[in-house]
Amino acid sequence: MTDKNLYKVLKERGLLYQCTDEKALQERLESGEPLVLYEGTDPTADSLHIGHCVPYCILRRFQKAGHKVILLMGGATASIGDPSGKSEMRKMLTKEQIDQNIENIKKTLKVFLDFEGENPAIIVNNKDWFDKLTYIDFMRDFGVHFNVNKMLSSEIYDNRLESGGLTFFEMGYMPMQAYDFIHLNREYGCTLEYGGGDQWANIVAGVELQRKLNFVNGTNISLIGATNPLLLTPEGKKMGKTERGAIWIDKDKISAYDFYQGVYQTPDACVKMMFALFTDLPMDEINRIIAEDIVKAKKRLSFEITKFVRGEEDATLAEKMSENLFTHGGDDAPEFVISKDEFAGGRNICDLLVITKLCSSKSEARRMIEGGGVTAGGNKVTNFAQVISEADLENSSILLKKGKKNFIKVVVK
């Protein structure tokens, strides 16, 4: 049996935006019977930022409620690229790039979903079934059900049509994504697709394709498509990037402090949705926190999301660094304690920047040093091979700074 309150939770938290048959979805979710659902992702980049992860936050709720979750990696569809909202054709990736992106993204998904236990989420790749289909067979069995005039009226092609550059290659994206739904229904009994609001036309295409196949094959399979609202700024831009850069989920691509500060830059109007998506706080508590003090609400949001994605240790460290900077003006820096045995003989500056999480990787540490953005004990570091030794310590500690706002005191005990 599943948690029968999931539909109520989705509605209360504003996570159900569009649905091809909301009444049927409500009945299924309130029946207590588990259903199988999926969300598709085209691996066009080697990592995910926080804006990409809205659907995964929702799938997490489905899994926790007892439903079976499938994550579809678009190894085949990524070869084309989704034309939705694009004024130019997406950059074509090699098969090797796509495969590597998939492996990197899989690691990130573990933050949101459980891939072990009694109800593990599973990952599939549509390349596995499209490689087995011939072009003629696919077009004869499924392409015949797509009306070109109707496809062109869809808003997903608007920008490409306006630019005068829509290709037949891109036109194949919608039929391929629609077929994914059919295949997953046949192989796994999947009856629900959930995705971002910008995918509505593609999701509906899968539902309608099954209806047409029902007529041809004499079947009575009912599929449901649903979307979540997009995480948009008041200017209508997708969230996930700030003036500091992308808020990456991968720890190796961003420091704890930069992640925390990236979340803190969330526009006031988006704070409620971010709480609803990334935390399990009750909505009445979220509304109260926001109404009382939006600044404190954003600090709470930054801590909760950093803890959820990166762990409590990173969240606490980033919070202390932020509070020290903006409350104490740089005095009483947060401490990172290292044992005398670990520090014996000194430590390379790049190693220290990484283990204190001022930098997310040695490559970032080197870039910051080469750009003159790192100081140790008040002195600019110019050589990434520099070793910080006991002679550099003052009262068994040394202050490391990255840029003007990121700093931590390394204490040797």
Side-chain angles (χ1 to χ4, degrees), residues 36-48 52 55-56 59 69-86 88-109 113 121-146 148 151 154 156-157 160 165-196 198-210 212-213 223 225 227:
V36 183
L37 73 153
Y38 90 99
E39 189 273 339
T41 296
D42 282 342
T44 53
D46 64 356
S47 186
L48 301 172
H52 294 138
Y56 305 133
L59 294 186
V69 169
I70 299 173
L71 290 166
L72 184 150
M73 293 286 109
T77 41
S79 298
I80 296 178
D82 184 4
S84 300
K86 299 298 179 182
E88 297 181 356
M89 184 172 163
R90 288 178 181 265
K91 178 183 177 182
M92 293 183 65
L93 303 175
T94 66
K95 292 180 179 180
E96 291 73 23
Q97 287 174 316
I98 293 171
D99 290 343
Q100 186 58 57
N101 288 348
I102 289 175
E103 290 306 309
N104 291 343
I105 291 172
K106 283 181 180 179
K107 300 174 185 177
T108 302
L109 294 174
L113 297 162
I122 63 173
I123 297 177
V124 298
N125 187 340
N126 63 11
K127 180 178 180 293
D128 293 338
W129 51 87
F130 278 111
D131 276 354
K132 299 174 183 177
L133 283 170
T134 68
Y135 175 79
I136 293 175
D137 287 340
F138 179 74
M139 295 304 292
R140 182 189 62 194
D141 296 338
F142 305 104
V144 68
H145 298 295
F146 288 84
V148 173
M151 290 175 65
S154 170
I156 70 172
Y157 295 114
R160 297 292 289 123
L166 180 65
T167 66
F168 179 74
F169 185 58
E170 293 168 289
M171 287 286 289
Y173 187 88
M174 180 183 285
M176 288 177 71
Q177 183 169 325
Y179 176 73
D180 285 338
F181 204 170
I182 306 304
H183 177 85
L184 293 177
N185 173 259
R186 293 175 176 178
E187 293 295 319
Y188 299 96
C190 180
T191 56
L192 173 64
E193 179 181 2
Y194 224 111
D198 57 345
Q199 292 299 306
W200 177 243
N202 289 324
I203 291 172
V204 170
V207 174
E208 293 185 345
L209 176 57
Q210 182 58 63
K212 293 174 181 178
L213 293 174
L223 303 184
T227 67

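Predicted, not measured: the structure shown is a model, and the values here were computed from it. Computed from heavy atoms alone, side chains included, the values below leave out hydrogens, waters and symmetry copies.
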- [ ] Would you give the length of the straight line joining atom CZ of F146 to atom CD of E208, rounded to the nearest 0.5 angstrom?
- [x] 9.0 Å
Open item on the list: So if I apply the side-chain contact (heavy atoms from CB on, under 4.5 Å) rule between D42 and each of N101, T77, L72, I102, which one comes out positive?
Closed with: T77
Open item on the list: Within this structure, what is the NZ-OG1 distance for the pair K132 and T134, rounded to the nearest 0.5 Å?
Closed with: 14.0 Å
Task: Shortest non-hydrogen separation from N125 to G74 and the atoms involved - done: OD1-C, 4.3 Å
Open item on the list: Taking NZ in K107 as the centre, count heavy atoms belonging to other residues, nucleotides or ligands within less than 6.0 Å. Is the count above 12?
Closed with: no
Task: Exercise: identify the closest heavy-atom pair between W200 and G225 - done: CZ3-O, 4.0 Å
Open item on the list: For M174 versus A205, what's the shortest heavy-atom pair and its separation?
Closed with: CG-CB, 3.6 Å
Task: Side chain proximity check, T41 to L71, heavy atoms < 4.5 angstrom - done: no
Task: Straight-line distance of N202 CG to T227 OG1, nearest 0.5 Å - done: 12.0 Å
Open item on the list: Please find the pair of heavy atoms, one from L59 and one from V69, that lie closest to each other, and give the distance.
Closed with: O-CG2, 3.6 Å
TODO: Applying side-chain contact (heavy atoms from CB on, under 4.5 Å), run through E193 and L223 and close with a yes or a no.
DONE: CA-CA 8 Å; E193 179 181 2; L223 303 184; over 6 Å; no
Open item on the list: So, taking the atom named CD in Q100 and the one named CD1 in I105, what distance separates them when rounded to the nearest 0.5 Å?
Closed with: 10.5 Å
Open item on the list: Let's go through Y56 and L48 carefully: what are the C-alpha distance in whole Å and the side-chain angles of both, what is the deciding distance for side-chain contact (heavy atoms from CB on, under 4.5 Å) to 0.1 Å, and is it a yes or a no?
Closed with: CA-CA 11 Å; Y56 305 133; L48 301 172; 3.6 Å; yes
Open item on the list: As an exercise, state the distance from CG of L109 to CE of M73, rounded to the nearest 0.5 Å.
Closed with: 5.0 Å
- [ ] State, to 0.1 Å, how close P43 and G75 come at their nearest heavy-atom pair, and which atoms those are.
- [x] CD-N, 4.4 Å
Side-chain polar contacts of residues 178-192 - donor-acceptor pairs under 3.5 angstrom, sequence neighbours left out - could you list them?
residue	atom	partner	partner atom	Å
D180	OD1	W129	NE1	3.1
D180	OD2	N126	ND2	3.2
N185	ND2	C190	O	3.0
T191	OG1	R28	NH1	3.3

